[in-house]
There are 2 protein chains.
Amino acid sequence: MPASTVGFEAKMDHASLLKKVIEAIKDLLGDCTWDCTNTGMSLQSMDSSHVALVNVMMKSEGFARYKCERNLNMGISLASMAKVLKCAGQEDNVIIKTDGDSSTVTFVFGNDDGDRTAEFELKLMNIDVEHLGIPETDYDCIIKMPSGEFKRLCGDLSQFGDSVAISCTKGEVRFEAQGDIGTGHIRLSKKGSADKPDEEISIELEQPVSLTFALKYLNNFAKATPLSATVRLCMSNNHPLCVEYPMPEVGHIRYYLAPKIEEEAD
Amino acid sequence: MPASTVGFEAKMDHASLLKKVIEAIKDLLGDCTWDCTNTGMSLQSMDSSHVALVNVMMKSEGFARYKCERNLNMGISLASMAKVLKCAGQEDNVIIKTDGDSSTVTFVFGNDDGDRTAEFELKLMNIDVEHLGIPETDYDCIIKMPSGEFKRLCGDLSQFGDSVAISCTKGEVRFEAQGDIGTGHIRLSKKGSADKPDEEISIELEQPVSLTFALKYLNNFAKATPLSATVRLCMSNNHPLCVEYPMPEVGHIRYYLAPKIEEEAD
DNA sequence: ACGTTATTCG
DNA sequence: CGAATAACGT
């Protein structure tokens, strides 16, 4: 028997990136299964209330080193994984490894000097794999804006109601919420990317859209804000919204949420 | 009928100022009525426990633009108003507007670029107008000190008792509290304004005063500290204290509080 | 889990 | 000033 058969081993230069990914999904998912293949680590799961869908992709190119000898599923508690990642130093790199036979995954944090190593082992779990199809890829309207702007407006409008109506026309997008204490309207205009590309607001519009969503979920999605300076809102009337946080060179987090049906429309 | 009759419209360059004003009074007042006239916006109201009196004055000169076509009363929930103001960016300006006939007031926040507008509408309410007379304007003793100093000493003395005895003689003022764990005495001397005017401590004294107040209210008053670098304590024996936070060029917040009658004096 | 605050950093 | 963190309280 060989000393050790490593089925999967991947190294990231910045453990903080993985930490942000976990922080962005742990409240939504609880436990989940990572699919590890040659092309990268990914996960896809309904949230615990079975309303929103979460998709994370971390491509093999996003790692400093990546080896996956055979496809495997790592079922893991995200709360535990978050606890482990809190033990990583700000500048630490991380190695994630498991062999296909073992029932554990190991995280090794190290700094560049190599004078400190911290190693944590988590038990893996078997989780029912519910492979749900991802909604369409063709949208009537795609809005790109600073992720901080999206986080802020969702938070602000939550003061006024549980849901937000998003309506987008050629040059601008409106977000509106109403409730007992009053109403809130936020209007964003297209904005060039001239000097500061991260502040760009762009609207690609095939057709005007008008959709309503539960702010509770959007606020949860906004926990991915530290991962990306920009966010893309992809919408078609009567279809699920896709909120995408691109991780340049690495992959993305995408959240999907079905619109509310407005029965009280007049 | 004209398209829109705007009875009242006022613009401030810094929404943050209005926000601080609201933060300084909302815990005391709950709901209140703003009196809008040609000369500015003001309010006067007893606190919800009917012990302290609050007076806010925001002069028309303090606004970047101010138009009030006819006097009107805006009854408003300060908790709601605080929520709205939390939606203002740090650098946003704000327009407050209502027409005399409408039952709502609108706050519009804008940045200088103009690519983002946030508009919030609050319902107005009818509140009983209890116009209580403001206590005398002639005081035996007026102390001016840094507002941060006042906030700190009230907080510190709250550790020892529920009330503070303030006694002022020609050159100094003493603040004293006592309770189960011990006693606290804070003495402040007159201090010149030479280099740093905000650190000045001045005492104008017609007659020595010695008065006792509930710290609970003084600590509430101290929430106005961010509005003004200095505070004025105006006192006469057996008369209500006036705690004034001047807002240079804009107006002021004044709090009034009756002294405790000391029956257990020995 | 969330909001708020205090604090630090860039 | 804004962002990020930590700590706290509800």
Side-chain angles (χ1 to χ4, degrees), chain A residues 14-32 47-49 51-52 54 77-92 109 145-162 177 179 181 184 195-199 214-231 245 247 255, chain B residues 13-17 19-20 22-24 26-27 78-94 109-113 115-116 118 148 151-152 155-156 158 219-220 222-226:
Chain A
H14 300 289
S16 57
L17 176 65
L18 187 59
K19 181 177 174 180
K20 286 174 192 165
V21 169
I22 302 309
E23 292 297 322
I25 62 177
K26 79 174 160 72
D27 292 341
L28 232 25
L29 298 188
D31 304 333
C32 72
D47 84 290
S48 11
S49 63
V51 171
V54 180
S77 148
L78 288 175
S80 302
M81 198 168 160
K83 283 183 184 173
V84 166
L85 284 156
K86 284 201 175 118
C87 304
Q90 206 80 43
E91 302 300 313
D92 282 359
F109 302 121
M145 70 170 86
S147 58
E149 175 66 65
F150 182 65
K151 178 185 171 66
R152 182 181 160 201
L153 75 86
C154 288
D156 284 354
L157 290 180
S158 296
Q159 306 260 307
F160 298 89
D162 294 335
I181 73 160
D195 41 349
K196 299 171 181 170
D198 289 347
E199 292 181 14
L215 280 164
K216 170 186 166 191
Y217 291 98
L218 300 187
N219 283 129
N220 257 132
F221 301 168
K223 288 176 180 151
T225 304
L227 276 168
S228 170
T230 63
V231 64
Y245 292 85
M247 295 184 280
Y255 303 93
Chain B
D13 283 336
H14 300 289
S16 57
L17 176 64
K19 182 176 174 177
K20 285 175 193 164
I22 302 308
E23 293 297 323
K26 78 173 161 76
D27 292 340
L78 288 175
S80 300
M81 198 168 162
K83 282 186 182 177
V84 166
L85 284 157
K86 280 193 181 134
C87 302
Q90 207 83 40
E91 302 301 310
D92 282 358
N93 55 49
V94 57
F109 302 120
N111 57 15
D112 291 335
D113 296 342
D115 55 359
R116 182 187 204 267
K151 177 184 169 64
R152 182 175 166 202
D156 286 353
S158 297
N219 283 128
N220 256 131
K223 289 179 178 148
T225 303

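Just so we're on the same page: letters track the sequence lines, and every chain starts at 1.
- Backbone-only contact: B/K86 has heavy atoms under 4.0 Å from sugar-phosphate atoms and none from a base.
- In this entry the distance linking CD of A/E91 with C1' of C/dG10 reads 13 Å, nearest Å.
- Between A/V231 and A/T225, every side-chain heavy-atom pair lies at or beyond the 4.5 Å cut-off.
- A/D92 places no side-chain N or O within 3.5 Å of a backbone atom of A/A15 that could act as its donor or acceptor partner.
- Using cut-offs of 30° and 60° for the angle between ring planes, the A/Y255 and A/F221 rings count as parallel.
- Nucleotide D/dA6 holds its P atom 6 Å from the NZ atom of A/K19, rounded to whole Å.
- Atom CG of A/D162 sits in a sparse spot, with 12 or fewer heavy atoms from other residues, nucleotides or ligands closer than 6.0 Å.
- Following rounding to the nearest Å, A/Q159 (CD) and C/dT4 (P) show an atom-to-atom distance of 7 Å.
- For the pair B/K83 NZ and C/dT4 P, the interatomic distance rounds to 9 Å; values are reported in whole Å.
- In this structure, the CD atom of B/E23 is 10 Å from the P atom of C/dT4, given to the nearest Å.
- Regarding B/D112, its CG atom lies at a distance of 13 Å from the P atom of D/dC1, rounded to whole Å.
- Residue A/Y217 contributes atom OH, which lies 12 Å from atom P of C/dC2 at whole-angstrom precision.
- Side-chain atoms of B/Q90 lie closest to D/dG2 of the nucleotides C/dA1, D/dG2, C/dC2.
- Taking atom CD1 of A/I25 as the reference point, atom P of C/dA1 lies 13 Å away to the nearest angstrom.
- Between A/K223 and C/dC2 there is a side-chain N or O to OP1 or OP2 distance below 4.0 Å.
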